[in-house]
Amino acid sequence: MPPNSLAHPEFLPDPDRSREEMESLQRELAAEATFADELGFAPDDVAIDEAADLSEGLPPAADETAAASSADPDAPVVVGIDQAFRSERDEAVSAAVAIRDGTVVEYAHAVTPLSIPYVPGLLAFREGEPMLAALANLSVTPDLLVCDGSGRIHYRQAGLATHVGVIRDLPSVGVAKSLLCGEPDEPVEKRPEGWRTPIRAADSVTTAEPGTVIGHAYQSRQYPNSRRVNPLYVSPGHRVSAGTTVDLVAALCAGYKLPEPTRLADAHADRVKRRLGEND
DNA sequence: GCGACAG
DNA sequence: ATCTTGTCGC
(Lines give C-alpha, C1' and ligand atoms only; values in the text may rest on other atoms or scores of the structure.)
Protein backbone atom coordinates (compact mmCIF):
# COMPACT_ATOMS: atom_id res chain seq x y z
CA MET A 1 0.00 0.00 0.00
CA PRO A 2 1.56 3.23 -1.19
CA PRO A 3 2.03 5.70 1.67
CA ASN A 4 0.29 8.64 0.08
CA SER A 5 -3.08 10.32 0.37
CA LEU A 6 -4.20 8.98 -3.01
CA ALA A 7 -4.53 5.61 -1.37
CA HIS A 8 -7.46 7.01 0.61
CA PRO A 9 -9.30 9.55 -1.58
CA GLU A 10 -12.49 8.92 0.39
CA PHE A 11 -10.92 10.56 3.40
CA LEU A 12 -10.01 13.77 1.62
CA PRO A 13 -12.29 16.80 1.96
CA ASP A 14 -15.48 17.00 -0.10
CA PRO A 15 -17.86 19.95 0.43
CA ASP A 16 -20.78 17.86 -0.80
CA ARG A 17 -20.39 15.19 1.82
CA SER A 18 -22.88 15.20 4.67
CA ARG A 19 -21.97 15.19 8.30
CA GLU A 20 -23.27 11.64 8.60
CA GLU A 21 -21.09 10.49 5.72
CA MET A 22 -18.00 12.06 7.27
CA GLU A 23 -18.75 10.46 10.61
CA SER A 24 -19.17 7.11 8.88
CA LEU A 25 -15.81 7.54 7.15
CA GLN A 26 -14.21 8.28 10.50
CA ARG A 27 -15.50 5.04 11.96
CA GLU A 28 -14.02 3.18 8.98
CA LEU A 29 -10.71 4.99 9.35
CA ALA A 30 -10.56 4.31 13.10
CA ALA A 31 -11.10 0.64 12.37
CA GLU A 32 -7.87 0.72 10.33
CA ALA A 33 -5.96 2.44 13.10
CA THR A 34 -3.67 0.56 15.47
CA PHE A 35 -3.50 1.77 19.06
CA ALA A 36 -0.62 -0.53 19.98
CA ASP A 37 3.13 0.08 19.68
CA GLU A 38 4.54 -0.43 16.20
CA LEU A 39 7.36 2.06 16.34
CA GLY A 40 10.69 0.40 15.89
CA PHE A 41 12.28 2.73 18.44
CA ALA A 42 11.85 3.86 22.04
CA PRO A 43 10.89 7.26 23.49
CA ASP A 44 14.47 7.71 24.70
CA ASP A 45 15.67 7.49 21.10
CA VAL A 46 13.90 10.72 20.21
CA ALA A 47 14.50 12.65 23.43
CA ILE A 48 15.30 16.32 22.99
CA ASP A 49 17.22 17.84 25.88
CA GLU A 50 17.80 21.37 24.70
CA ALA A 51 15.04 23.66 23.48
CA ALA A 52 15.69 25.77 20.40
CA ASP A 53 16.18 29.49 21.01
CA LEU A 54 13.51 31.23 18.94
CA SER A 55 14.31 34.76 20.09
CA GLU A 56 16.26 35.40 16.90
CA GLY A 57 14.32 33.24 14.50
CA LEU A 58 14.21 29.54 13.79
CA PRO A 59 17.41 27.51 13.74
CA PRO A 60 18.74 26.77 10.24
CA ALA A 61 18.20 23.25 8.90
CA ALA A 62 21.35 21.21 9.42
CA ASP A 63 23.34 20.79 6.21
CA GLU A 64 23.42 17.07 5.55
CA THR A 65 26.43 17.26 3.25
CA ALA A 66 28.55 19.07 5.81
CA ALA A 67 29.14 16.17 8.16
CA ALA A 68 30.26 18.60 10.83
CA SER A 69 27.19 17.80 12.87
CA SER A 70 27.48 15.71 15.98
CA ALA A 71 23.91 14.52 15.52
CA ASP A 72 23.25 10.81 15.28
CA PRO A 73 22.49 10.08 11.59
CA ASP A 74 20.68 6.88 12.55
CA ALA A 75 18.29 8.43 15.06
CA PRO A 76 14.55 8.37 14.20
CA VAL A 77 13.12 11.36 12.34
CA VAL A 78 10.32 13.11 14.24
CA VAL A 79 8.14 15.47 12.23
CA GLY A 80 6.08 18.18 13.89
CA ILE A 81 3.14 19.59 11.92
CA ASP A 82 1.16 22.73 12.62
CA GLN A 83 -0.92 25.27 10.76
CA ALA A 84 -1.55 28.95 10.46
CA PHE A 85 -4.48 30.46 8.60
CA ARG A 86 -4.97 33.21 6.11
CA SER A 87 -8.57 33.76 7.12
CA GLU A 88 -9.22 36.52 4.62
CA ARG A 89 -8.28 34.17 1.78
CA ASP A 90 -9.59 30.98 3.34
CA GLU A 91 -6.25 29.25 2.97
CA ALA A 92 -4.24 27.09 5.34
CA VAL A 93 -0.47 27.43 5.68
CA SER A 94 0.76 24.10 6.97
CA ALA A 95 4.29 23.55 8.14
CA ALA A 96 6.30 20.40 8.75
CA VAL A 97 9.59 20.42 10.64
CA ALA A 98 11.76 17.30 10.62
CA ILE A 99 13.99 16.76 13.64
CA ARG A 100 16.62 14.09 14.16
CA ASP A 101 18.54 13.75 17.40
CA GLY A 102 17.37 17.16 18.52
CA THR A 103 18.47 18.92 15.35
CA VAL A 104 16.25 20.37 12.62
CA VAL A 105 17.10 18.59 9.38
CA GLU A 106 14.38 19.99 7.13
CA TYR A 107 11.56 22.52 6.86
CA ALA A 108 8.61 22.13 4.48
CA HIS A 109 5.30 23.85 3.99
CA ALA A 110 2.24 24.04 1.76
CA VAL A 111 -0.49 26.58 1.15
CA THR A 112 -3.87 24.94 0.61
CA PRO A 113 -7.34 26.32 -0.04
CA LEU A 114 -9.81 25.31 2.65
CA SER A 115 -13.00 23.64 1.47
CA ILE A 116 -14.62 22.64 4.75
CA PRO A 117 -15.50 24.80 7.76
CA TYR A 118 -14.33 23.98 11.25
CA VAL A 119 -16.73 21.64 12.99
CA PRO A 120 -15.75 20.01 16.30
CA GLY A 121 -15.22 16.32 15.62
CA LEU A 122 -14.66 16.80 11.90
CA LEU A 123 -11.44 18.80 12.06
CA ALA A 124 -9.49 16.25 10.04
CA PHE A 125 -11.60 16.90 6.96
CA ARG A 126 -10.61 20.56 7.11
CA GLU A 127 -6.96 20.34 8.15
CA GLY A 128 -5.93 16.87 7.11
CA GLU A 129 -5.38 17.72 3.45
CA PRO A 130 -3.17 20.75 4.18
CA MET A 131 -1.10 18.67 6.59
CA LEU A 132 -0.64 15.91 4.04
CA ALA A 133 0.41 18.51 1.47
CA ALA A 134 3.16 19.82 3.74
CA LEU A 135 4.29 16.27 4.48
CA ALA A 136 4.48 15.54 0.76
CA ASN A 137 6.96 18.39 0.38
CA LEU A 138 9.33 16.80 2.86
CA SER A 139 12.22 14.83 1.38
CA VAL A 140 13.08 12.88 4.52
CA THR A 141 10.99 9.91 5.64
CA PRO A 142 9.25 10.47 9.00
CA ASP A 143 9.49 7.83 11.73
CA LEU A 144 6.94 9.66 13.88
CA LEU A 145 4.37 12.39 13.28
CA VAL A 146 3.48 14.86 16.03
CA CYS A 147 0.17 16.52 15.18
CA ASP A 148 -1.51 19.54 16.76
CA GLY A 149 -4.85 18.15 17.88
CA SER A 150 -6.38 14.95 19.15
CA GLY A 151 -5.84 11.41 17.98
CA ARG A 152 -7.76 8.72 19.77
CA ILE A 153 -9.31 11.29 22.11
CA HIS A 154 -12.20 11.76 19.71
CA TYR A 155 -15.90 10.85 19.52
CA ARG A 156 -15.14 8.10 17.00
CA GLN A 157 -11.47 7.63 17.92
CA ALA A 158 -10.56 9.27 14.63
CA GLY A 159 -9.01 12.63 15.45
CA LEU A 160 -6.63 14.56 13.25
CA ALA A 161 -3.55 12.59 14.31
CA THR A 162 -5.29 9.29 13.62
CA HIS A 163 -6.59 10.51 10.26
CA VAL A 164 -3.17 11.58 9.00
CA GLY A 165 -1.33 8.66 10.60
CA VAL A 166 -3.59 6.06 9.00
CA ILE A 167 -3.52 7.69 5.55
CA ARG A 168 0.29 7.74 5.56
CA ASP A 169 0.48 4.57 7.64
CA LEU A 170 3.01 6.21 9.93
CA PRO A 171 3.25 6.21 13.72
CA SER A 172 1.59 9.40 14.94
CA VAL A 173 0.60 11.10 18.17
CA GLY A 174 -1.86 13.89 18.84
CA VAL A 175 -1.05 16.81 21.13
CA ALA A 176 -4.01 19.04 22.02
CA LYS A 177 -4.17 22.09 24.26
CA SER A 178 -7.72 21.40 25.36
CA LEU A 179 -9.83 18.31 25.87
CA LEU A 180 -12.34 17.36 23.17
CA CYS A 181 -14.03 14.49 25.00
CA GLY A 182 -13.37 11.82 27.58
CA GLU A 183 -12.81 12.14 31.31
CA PRO A 184 -9.60 12.47 33.32
CA ASP A 185 -9.14 10.03 36.21
CA GLU A 186 -8.25 12.92 38.50
CA PRO A 187 -8.79 16.69 38.44
CA VAL A 188 -6.08 18.30 36.29
CA GLU A 189 -5.74 21.64 38.06
CA LYS A 190 -2.45 22.84 39.51
CA ARG A 191 -0.38 19.75 38.88
CA PRO A 192 3.42 19.55 39.10
CA GLU A 193 5.56 19.26 36.00
CA GLY A 194 5.70 15.69 34.73
CA TRP A 195 2.32 14.74 36.23
CA ARG A 196 -0.05 12.67 34.11
CA THR A 197 -3.42 11.01 34.43
CA PRO A 198 -5.40 8.77 32.06
CA ILE A 199 -8.28 10.09 29.98
CA ARG A 200 -11.00 7.47 29.69
CA ALA A 201 -13.76 7.09 27.18
CA ALA A 202 -17.18 8.23 28.40
CA ASP A 203 -20.52 7.99 26.63
CA SER A 204 -19.54 10.69 24.15
CA VAL A 205 -16.91 8.32 22.72
CA THR A 206 -19.37 6.20 20.79
CA THR A 207 -16.99 3.56 19.50
CA ALA A 208 -15.20 2.56 22.71
CA GLU A 209 -16.19 0.76 25.85
CA PRO A 210 -16.68 3.35 28.60
CA GLY A 211 -13.58 3.36 30.76
CA THR A 212 -11.16 2.60 27.94
CA VAL A 213 -7.97 4.67 28.25
CA ILE A 214 -7.88 6.79 25.10
CA GLY A 215 -5.13 9.21 26.09
CA HIS A 216 -3.62 11.21 28.94
CA ALA A 217 -3.53 14.68 30.42
CA TYR A 218 0.15 15.56 30.76
CA GLN A 219 1.58 18.52 32.66
CA SER A 220 4.51 19.34 30.40
CA ARG A 221 5.39 22.53 32.18
CA GLN A 222 4.56 24.23 35.43
CA TYR A 223 5.76 27.25 37.37
CA PRO A 224 6.78 26.86 41.04
CA ASN A 225 4.29 29.47 42.25
CA SER A 226 1.59 31.76 41.03
CA ARG A 227 0.48 31.48 37.44
CA ARG A 228 -0.78 28.12 36.31
CA VAL A 229 -0.24 26.29 33.06
CA ASN A 230 -2.89 23.98 31.62
CA PRO A 231 -1.87 20.43 30.86
CA LEU A 232 -1.57 18.95 27.38
CA TYR A 233 -4.00 16.28 26.23
CA VAL A 234 -2.05 13.64 24.36
CA SER A 235 -3.41 10.61 22.57
CA PRO A 236 -2.34 7.91 20.13
CA GLY A 237 -2.78 8.70 16.46
CA HIS A 238 -1.71 5.43 14.85
CA ARG A 239 0.70 2.59 15.66
CA VAL A 240 1.33 3.84 19.21
CA SER A 241 -0.22 2.94 22.56
CA ALA A 242 -1.62 5.52 24.96
CA GLY A 243 1.16 4.87 27.46
CA THR A 244 3.97 5.20 24.94
CA THR A 245 2.34 8.36 23.58
CA VAL A 246 2.79 10.18 26.90
CA ASP A 247 6.37 8.94 27.15
CA LEU A 248 7.11 10.15 23.63
CA VAL A 249 5.64 13.59 24.29
CA ALA A 250 7.49 13.81 27.60
CA ALA A 251 10.75 12.98 25.79
CA LEU A 252 10.04 15.59 23.12
CA CYS A 253 9.34 18.42 25.54
CA ALA A 254 12.42 20.46 26.38
CA GLY A 255 11.33 23.09 28.88
CA TYR A 256 8.31 24.59 27.16
CA LYS A 257 4.66 23.62 27.29
CA LEU A 258 4.66 22.29 23.74
CA PRO A 259 6.93 19.50 22.50
CA GLU A 260 9.77 20.89 20.35
CA PRO A 261 8.48 19.48 17.04
CA THR A 262 5.14 21.26 17.53
CA ARG A 263 6.75 24.41 18.84
CA LEU A 264 9.04 24.68 15.82
CA ALA A 265 6.30 23.79 13.32
CA ASP A 266 4.14 26.50 14.87
CA ALA A 267 6.90 29.06 14.46
CA HIS A 268 7.61 27.93 10.90
CA ALA A 269 3.95 28.19 9.91
CA ASP A 270 3.83 31.74 11.29
CA ARG A 271 7.02 32.63 9.45
CA VAL A 272 5.68 31.37 6.13
CA LYS A 273 2.39 33.14 6.67
CA ARG A 274 4.19 36.38 7.43
CA ARG A 275 6.34 36.10 4.31
CA LEU A 276 3.27 35.48 2.18
CA GLY A 277 1.53 38.49 3.65
CA GLU A 278 4.33 40.82 2.55
CA ASN A 279 3.55 40.20 -1.10
CA ASP A 280 0.25 39.02 -2.47
C1' DG B 1 -34.59 22.94 25.34
C1' DC B 2 -29.56 23.52 27.23
C1' DG B 3 -24.76 22.63 27.44
C1' DA B 4 -20.24 20.96 25.22
C1' DC B 5 -17.32 20.96 21.43
C1' DA B 6 -9.41 19.67 18.90
C1' DG B 7 -7.94 24.06 15.50
C1' DA C 1 -7.30 29.35 14.60
C1' DT C 2 -7.42 34.78 14.74
C1' DC C 3 -7.87 39.86 16.57
C1' DT C 4 -3.51 42.15 20.03
C1' DT C 5 -0.34 45.67 24.73
C1' DG C 6 0.76 45.49 28.57
C1' DT C 7 1.88 43.04 32.45
C1' DC C 8 2.87 39.83 36.28
C1' DG C 9 6.43 36.74 37.74
C1' DC C 10 10.57 33.61 37.35
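Residue numbering restarts at 1 for every chain, and letters A, B, ... go by the order of the sequence lines.
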Just so I know, are the side chains of A:Val79 and A:Leu138 near enough to count as touching, which here means a heavy-atom distance under 4.5 Å? yes
Value in whole Å for how far the P atom of B:dG7 lies from CD1 of A:Ile81: 15 Å
May I ask you to say what A:Tyr233 touches in the nucleic acid, namely base, sugar-phosphate or nothing, with a heavy-atom cut-off under 4.0 Å? nothing
Side-chain N or O of A:Ser87 closer than 4.0 Å to phosphate OP1/OP2 of C:dA1: no
Separation of C:dA1 atom P from A:Asp266 atom CG, nearest Å, is 7 Å
Grab the NE2-P distance between A:His216 and B:dA6 for me, whole Å please. 21 Å
Between CZ of A:Arg156 and P of B:dA6 the distance, given in whole Å, is 13 Å
A:Ile153 CD1 to B:dG7 P, in whole Å, measures 11 Å
Whole angstrom value for the distance that separates C1' of C:dC8 from CZ of A:Arg228: 16 Å
Which nucleotide, B:dC5, C:dT2, B:dA6, lies nearest any side-chain atom of A:Ala84? C:dT2
Closer than 4.0 angstrom, basic N to acidic O: yes or no for A:Asp169 and A:Arg239? yes
A:Lys177 vs B:dA6: side-chain N/O to OP1/OP2 distance below 4.0 Å: no
Pair A:Phe125 + A:His163: ring centers closer than 6.0 Å: yes
Ignoring the backbone of A:Lys273, work out which of B:dG7, C:dT2, B:dC5 is nearest its side chain. C:dT2
Which part of the nucleic acid, if any, lies within contact of A:Leu232, taking any heavy atom under 4.0 Å across all strands shown: a base, the sugar-phosphate backbone alone, or nothing? nothing
Rounded to whole angstroms, how far apart are CG on A:Leu114 and P on C:dT2? 12 Å
Can you tell whether the side chains of A:Asp185 and A:Arg200 come within less than 4.0 Å, N to carboxylate O? yes
Centroid distance below 5.5 Å plus an interplanar angle below 30 degrees: do A:Tyr118 and C:dA1 meet both conditions? no
Does one side chain, of A:Thr244 or A:Asp37, offer a donor that lies under 3.5 Å from an acceptor on the other? yes
Send over the distance from A:Leu123 CG to B:dA4 C1', rounded to a whole Å. 16 Å
